[in-house]
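This report refers to the structure that appears directly beneath it.
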Amino acid sequence: MHADLPQLLNELCALRKGRATRHPSFPAKLGHQLRDLCGVTDSDSGAAARLKLAETLGALLRDEADDTWPAVAAALALHPAADHRDLAARERWLAGQLHCHERTARRRVDHAFQVLAQKAAVSAVGDSSDRGVERWQVASVRALLRLDGPAPEITEHRSIVMTGDGVEEIFCRFTVPRSTSDGVAHDLNLELLYGGNIRERVQPSPEHFIYFIQLPRSFDAGATHDYAIRLTLPPGQPMVPHYVMQPLVPVRALDVNVRFDSAAVPPVVSRVDGVPPRMVDAEPAVENVLDVDRFGEVHLTFRNLRQGYAYGLAWSHGRGDPGHAS
């Protein structure tokens with residue numbers, strides 16, 4: 001089976017609507033990627049198809065963070081206690097299980113779907129001789145975050161190394177979480193400065209964006225490649241006050257330079273160093289509070305980033321704080 005990550009995401013997002021796997025015609029609602037992945041056939045009953053999904057998806061997420069499988073199971077109504085008629089009710093149930101706000105539970109579901117789609121794509125591809133996902137790793141990222149202008153802007157220079165042959169395309173993902181129910185449609189603009197061409201943008205949820213980048217040529221294992229991207233936010237779009245990288249593929253190094261408006265530096269700026277995503281906005285420990293220089297700048301360096309944990313910085317909410325997102 002040839003794995004199509006955007007299609008997997010689309011199928012998962014379509015399936016979670018309404019009654020999800022509890023819908024009377026649920027097996028017929030499955031897309032071909034999920035059917036092939038889980039071995040669902042036309043002769044399977046709803047109960048049989050549900051069991052195949054639960055066993056396959058649960059196995060794929062066995063080694064992920066503790067809240068990943070519950071989020072998927074709740075969204076798809078695979079958990080027996082989350083047999084609600086609509087997604088919002090299942091997310092409320094999940095919020096109670098995770099002891100978090102409903103908006104946070106919704107973000108957990110969105111993130112879990114991204115992890116699941118990637119895991120499913122890798123599983124479907126098989127060995128690295130086939131064309132697929134994750135046949136490359138991020139060697140380093142150098143980021144410049146500008147918070148001293150009319151809108152937040154990030155420039156990232158990325159260096160990658162190939163771990164398989166015939167790599168012609170990569171992807172990068174970004175999350176733009178909401179700080180409040182602001183009612184504003186969130187968007188993200190990405191410009192590729194050099195090193196490839198944007199083939200497709202996928203937005204599996206209102207807060208998540210995935211960009212598929214065609215490389216200038218085919219690369220084999222051991223080869224390296226550099227590219228750069230610039231991310232900007234639409235005018236007036238509010239953001240939460242942190243910038244973090246939460247790698248789902250290995251990252252060897254992250255260097256971040258941040259420039260705040262020197263006339264409106266947040267009262268507290270803190271280092272986020274390998275914490276679970278749900279703790280990004282927690283009260284910082286004293287040793288993690290950073291000194292911002294007289295020009296409003298701060299520099300951070302991280303090495304050997306662990307998959308699934310967050311690295312970067314956060315700052316306090318304050319008057320004039322423009323905020324940003326991971």
Side-chain angles (χ1 to χ4, degrees), residues 1-12 32-34 36-37 56 59-64 113-144 154-175 188 190-204 208-231 245-256 301-309 311:
M1 170 186 169
H2 172 69
D4 186 331
L5 181 57
Q7 183 61 30
L8 278 169
L9 282 168
N10 289 336
E11 290 183 12
L12 286 166
H32 72 276
Q33 294 274 328
L34 281 171
D36 291 346
L37 178 71
T56 303
L60 286 171
L61 297 175
R62 183 176 295 117
D63 297 327
E64 295 302 317
F113 269 45
Q114 289 189 52
V115 174
L116 174 58
Q118 181 175 329
K119 285 279 190 176
V122 172
S123 172
V125 167
D127 66 32
S128 62
S129 64
D130 197 0
R131 182 178 183 269
V133 192
E134 271 193 331
R135 289 180 294 122
W136 50 274
Q137 293 182 359
V138 179
S140 63
V141 177
R142 291 184 294 109
L144 171 62
I154 302 173
T155 301
E156 291 186 354
H157 297 264
R158 298 184 171 206
S159 179
I160 61 175
V161 59
M162 312 306 166
T163 57
D165 294 334
V167 180
E168 298 180 349
E169 183 176 276
I170 61 173
F171 63 89
C172 49
R173 67 182 78 239
F174 302 94
T175 301
L188 178 66
L190 184 145
E191 177 186 4
L192 191 62
L193 301 180
Y194 64 81
N197 182 64
I198 298 174
R199 177 180 67 81
E200 183 179 9
R201 185 183 96 155
V202 177
Q203 188 175 354
H208 295 88
F209 303 81
I210 300 177
Y211 291 83
F212 291 83
I213 297 175
Q214 292 177 314
L215 301 180
R217 61 181 178 84
S218 178
F219 291 88
D220 290 337
T224 61
H225 179 66
D226 295 337
Y227 68 99
I229 52 179
R230 178 182 294 130
L231 304 164
M245 170 174 284
Q246 182 190 343
L248 297 179
V249 295
V251 176
R252 298 178 189 170
L254 170 64
D255 291 276
V256 182
T301 300
F302 304 91
R303 294 293 180 265
N304 299 319
L305 283 65
R306 294 186 296 164
Q307 293 174 242
Y309 291 84
Y311 299 82

Residue list, side chain to side chain contact (heavy atoms under 4.5 Å, CB included) with Arg201, at least two apart or on another chain: Asp187, Gln203, Phe209, Tyr211
Asp165 backbone acceptor or donor facing Arg135 side chain under 3.5 Å: yes
Spacing of Leu190 atom CG and Arg230 atom CZ [to the nearest 0.5 Å]: 10.5 Å
Below 3.5 Å, can you tabulate the donor-acceptor pairs from side chains in residues 193-200 to any protein atom, sequence neighbours excluded?
unit_1	atom_1	unit_2	atom_2	d
Tyr194	OH	His157	ND1	3.1
Arg199	NE	Glu169	OE1	2.4
Arg199	NH2	Glu169	OE2	3.1

Taking every non-hydrogen atom, the tightest pair across Ala117 and Leu9: CB-CD2, 3.4 Å
Partners meeting side chain to side chain contact (heavy atoms under 4.5 Å, CB included) with Ser218 (sequence neighbours left out): Glu168
Check: Ile229 and Phe174 side chains under 4.5 Å, non-hydrogen atoms: yes
Contact check, side chains of Arg158 and Ile170, non-hydrogen atoms, under 4.5 Å: no
Nearest atoms (heavy-atom pairs only) where Thr56 meets Leu37: CG2-O, 3.8 Å
Which residues share a salt bridge (charged side-chain N to carboxylate O under 4.0 Å, His left out) with Glu11, sequence neighbours left out: none
Beyond-backbone contact of Arg303 with Asp255, side-chain heavy atoms, under 4.5 angstrom: yes
Side chain to side chain contact (heavy atoms under 4.5 Å, CB included) against Arg173, all qualifying residues, sequence neighbours excluded: Gln114, Gln118, Phe171, Ile210, Leu248
Any Cys172 side-chain heavy atom under 4.5 Å of Glu156 side chain: no
Note, Leu305 side chain near Val138 side chain (heavy atom, < 4.5 Å): no
Partner residues of Val161 under the side chain to side chain contact (heavy atoms under 4.5 Å, CB included) criterion, sequence neighbours left out: Gln137, Thr224, Arg252
Leu34 CG to Gln7 CD distance, which is reported to the nearest 0.5 Å: 9.0 Å
Minimum side-chain heavy-atom gap Ile160-Tyr227 below 4.5 Å: yes
